[in-house]
Every structure is written in structure tokens, then in C-alpha cells.
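Notes follow the structure.
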Number of protein chains: 2
Amino acid sequence: MTQLPTREELRIWRDFIETTDALRAELAARLQHDSALSTGDYAVLLALTEAEGRRLRSSELAAVIGWERSRLSHHLGRMDKRGLIRRENCTNDNRGAEILLTEEGASAFGRATVPHLRAIRDLFVDALTPDQIAAAGDLAEALRGRLNR
Amino acid sequence: MTQLPTREELRIWRDFIETTDALRAELAARLQHDSALSTGDYAVLLALTEAEGRRLRSSELAAVIGWERSRLSHHLGRMDKRGLIRRENCTNDNRGAEILLTEEGASAFGRATVPHLRAIRDLFVDALTPDQIAAAGDLAEALRGRLNR
DNA sequence: GGAATATAATTGACATGTCAATCATTTCCG
DNA sequence: CGGAAATGATTGACATGTCAATTATATTCC
């Protein structure tokens, strides 16, 4: 039978989850401020930038960034309206859509990437000792292992 | 001048942030499944349960759980509609509102709490060694320090 | 061939989050 | 006192997220 967490374990849990949340929020705010992109926009643009021919089937894009398809569909609608991506019919499967990076999307991503990496360096890498960074990797692996159990 | 993160640092960063995100999502899903409550609902109900007289001024509630007031206001509207809390006018400051826990809210929280703590134990505490739990506390402190710089 | 099924993607309804604007009351101070 | 500023809270507009239903095409298999 499973025990409940102790007071101290609960304190660490709350500290941990709230801090990672605040970290994510601060990074998103900086990205928005520096580049007018959300972290979702960034993930989509990164995947397309790295894709063969700067284009991907919608479902492959969803798999690459780990999103549900309906979420992606809604998000692509918004990015399309802003001119960051475009949708084309897939030639060999008429059900499918191909998502391609526009010039505008590519240049927005280009402007975003260095400031974003700097922010990661500033808020994560430089905040930790090399041991702590290794510990973060360990933690992620252990937690991920439990989640995928 | 700030260097960019190395490939390895970036790999750990992505692992770390994605895993904590997945952890949060899984915990929210279990809470929803076990208790029909969101983590937001839970935070509000916890704060009210622990408050003197099971009631709090709206702004104090916001401070306790660390939310913006407009976010809280919207959320309380939804919780009010579901009968989990009630709003009353504050007697000594007519601008203010007092939020109070209903019987229904209290019992919903009562049903939620043990399963939720068990989920934290299962997904966090039991996934880690004691050393790793301590390391998680360290990490949170270091990252928090940088965020509050 | 053609009905049943699977797959790709979008859509609609709604929950949640942020930001800026608004409204009412209280407090400050000349 | 009484107008200006501060405070408490809500609201509206919109971005984002989930889930279930829908649409359209492709595949399977008798």
C-alpha cells in the first residue's frame, strides 16, 4: 500500500514544480518580447526549419513536436493568418496537408533563435553548476521512466 | 558576452523541461479523472480549506496561490457556477469580495486530496532516490535564485 | 465493385490564461 | 470638505488547450 508523501517531500515537490513552471513562463515571456513568437510558434518553426525542403505533413509535424493533431490544427490556423506558414494539399494523399515554412516564417525564426538560446543559457545553464546540470538530466530520465511505465 | 548552450546542454534542457511538463500534465489528468477537479480548482480549494473560517478575501486568495487577480476572478466565476465556492460582499470594505468554501466544495476537496497525494508519491517521490529528491530541491532553489535575480 | 473500416485533418464547444480597460469604493491630503 | 489617486475586483477581447464530432479520402476484404 502506498504511503502519502511526507511534509518535506511535499515541500520539495511544490518548490520543484512551481519553479519549473515559473522558468517556463519567464522563458516564454522573453521569447514573446524579443521575437513576438510564442513557444508554440517556436516549436513549429524549428521543426519546419529542420525538415527536408522546409515542409512537413501535418501529422508528421505533430509527431515531431509531440502535439495532438487538433491542437496543431488550431495553432496552424493562427500561424497561417499571420503569414508564418502555409498549407498545401498533399499530392500523393488527398486527405493530407503539407505545411511549409514561408519566407516570413523563416526570417521570424531566424531573428528568434539566438536570443532564445541566450535566454536558456541565462536562466538554466548559467544558473546551475555542471553537477547540477547533470543532476537535471538524471532527474528527467528518472521521471520520464516512471511516466512511461 | 554570453555563449550559447552546447548541444549537450540543450539536450538536457529539452529533456528537463519537456519531462516536467509531461509530469504536470499527467498529474492534472489523474486529478481530473479521480475527482473532476482541475489543478486550479484544487489550489483554490486547498487555500480555502486551510483558511480561517474557510473564507478569504479575493486578493488574499490570489496572493496565497500566486495568481493574477483577473485569472482568479475568471476561475472563481466558473467555480461559483459549479457550486464549489460562493462570493459574499465584504462587510468592512464594500469594494471587496469574500470567497467562501461551500459544503459541496469542501466535500469535493475531501474526495480529491488522498488520491492526489498518492499520485504525487507515485509520479515524483517513488520515481526518485532520496538523493535525487534532495537534488530536485537544490535545483529548484538554484533556478529560483536566478529567476528572482 | 462496394460496404465496412481506418486514416488525415479540421471544426465547434468549451476550459483556461493574459492583458488592458472599466467600475466602484476608499484613502490621501490640500 | 472634496477632488485626485490608490485599491479591489470584474469584465471583455483574445490566445491557447482539450475533447468529441465531422468531413473527406484511402484501404481492406468479401
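Each chain gets a letter, A, B and so on, in the order the sequences are listed, and its residues count up from 1.
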Evaluate the side chain to side chain donor-acceptor pair (under 3.5 Å) criterion for residues B:Ser73 and B:Arg69: first the C-alpha distance (whole Å), next the side-chain angles of each, then the deciding distance (0.1 Å), finally the verdict. CA-CA 6 Å; B:Ser73 202; B:Arg69 285 192 312 178; over 6 Å; no
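Within the structure, every side-chain polar atom (N or O) of A:Arg71 is placed at least 4.0 Å from both OP1 and OP2 of D:dC19. Under 4.0 angstrom from either OP1 or OP2 of C:dT16 there lies at least one side-chain N or O belonging to B:Ser38. Distances shown here put a side-chain N or O of A:Asn94 below 4.0 Å from the OP1 or OP2 atom of D:dA26. At least one side-chain nitrogen or oxygen of B:Arg57 sits closer than 4.0 Å to the OP1 or OP2 atom of D:dA9.
The NE2-P distance, from A:His75 to C:dA9, rounds to 17 Å in whole Å. One interatomic measurement links the two molecules: CD of A:Glu60 to C1' of C:dA9, which rounds to 14 Å at whole-angstrom precision. Atom P of nucleotide D:dT16 and atom CG of A:Leu37 are separated by 10 Å, given to the nearest angstrom. Between B:Gln32 atom CD and D:dG17 atom C1' there is a gap of 13 Å when expressed in whole angstrom units. Put simply, NE2 on B:His74 is 9 Å from P on D:dG12, counting in whole angstrom units. The distance from atom CZ of B:Arg24 to atom C1' of C:dT16 is 15 Å, rounded to the nearest whole Å. Counting to the nearest Å, the P atom of D:dT22 and the CZ atom of A:Arg69 are 17 Å from each other. Protein atom CG of A:Asn92 is 17 Å distant from nucleotide atom P of C:dT7, rounded to whole Å.
Within the 4.0 angstrom heavy-atom criterion, no nucleotide atom of any strand lies near A:Arg82. Contacts of A:Ser73 with the nucleic acid, taken as non-hydrogen atoms under 4.0 Å apart, include base atoms.
Comparing D:dA15, C:dT18, C:dT25 by their closest approach to the side chain of B:Asp93 singles out C:dT25. Listed nucleotides C:dA8, C:dT11, C:dT16 differ in distance to A:Ser59; the shortest reach to its side chain belongs to C:dA8. Side-chain proximity of B:Arg95 to the nucleotides D:dT25, C:dG17, D:dG8 is greatest for D:dG8.
Residue order along DNA chain D, read from the 5' end via each residue's closest nucleotide, puts B:Ile99 first among B:Ile99 and A:Asp41. Comparing A:Glu68 and B:Ser70, the nucleotide of DNA chain D nearest to each residue sits closer to the 5' end for B:Ser70.
Between the side chain of B:Arg78 and the base of C:dA15 there is no donor-acceptor pair of N/O atoms closer than 3.5 Å.
Relative ring orientation between A:His116 and A:Tyr42 is described as tilted, the plane-to-plane angle lying within the 30° to 60° band.
When all heavy atoms of A:Arg146 and B:Ala127 are compared, the pair lying nearest together is CB-CB, 3.6 Å. Closest approach of A:Val125 to A:Ile133, counting heavy atoms only: O-CD1, 3.8 Å.
The 12-atom threshold is not exceeded at CG of B:Asn89, counting heavy atoms of other residues, nucleotides or ligands nearer than 6.0 Å.
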